[in-house]
Amino acid sequence: MSDHPETEGVDCTDCFARPGPDNTRIASVDGWVSEVWHTTDCP
């Protein structure tokens, strides 16, 4: 068992960005950690 919660990756339906140095990660915590990656020109 880990001391850190599992991270659930959610794909952005506008830009389909993946983790990368030029992309931005938006994370939220609501009982679990969820993260969405976006490109700089994502609407």
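Reckoned from all heavy atoms, side chains included, excluding hydrogens, waters and symmetry mates.
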To the nearest 0.5 angstrom, please state how far the SG atom of Cys15 sits from the CG atom of Asn23.
-> 7.0 Å

With sequence neighbours left out, the residues meeting side-chain hydrogen bond (donor to acceptor under 3.5 Å, both in side chains) with Asp11 are Arg18

Pairs under 3.5 angstrom only: tabulate donor-acceptor contacts from the side chains of residues 36-43 to other protein residues two or more places apart or in another chain.
from, atom 1, to, atom 2, distance (Å)
Trp37, NE1, Glu35, OE2, 3.4
Thr39, OG1, Asp41, OD1, 2.8
Thr39, OG1, Cys42, N, 3.4

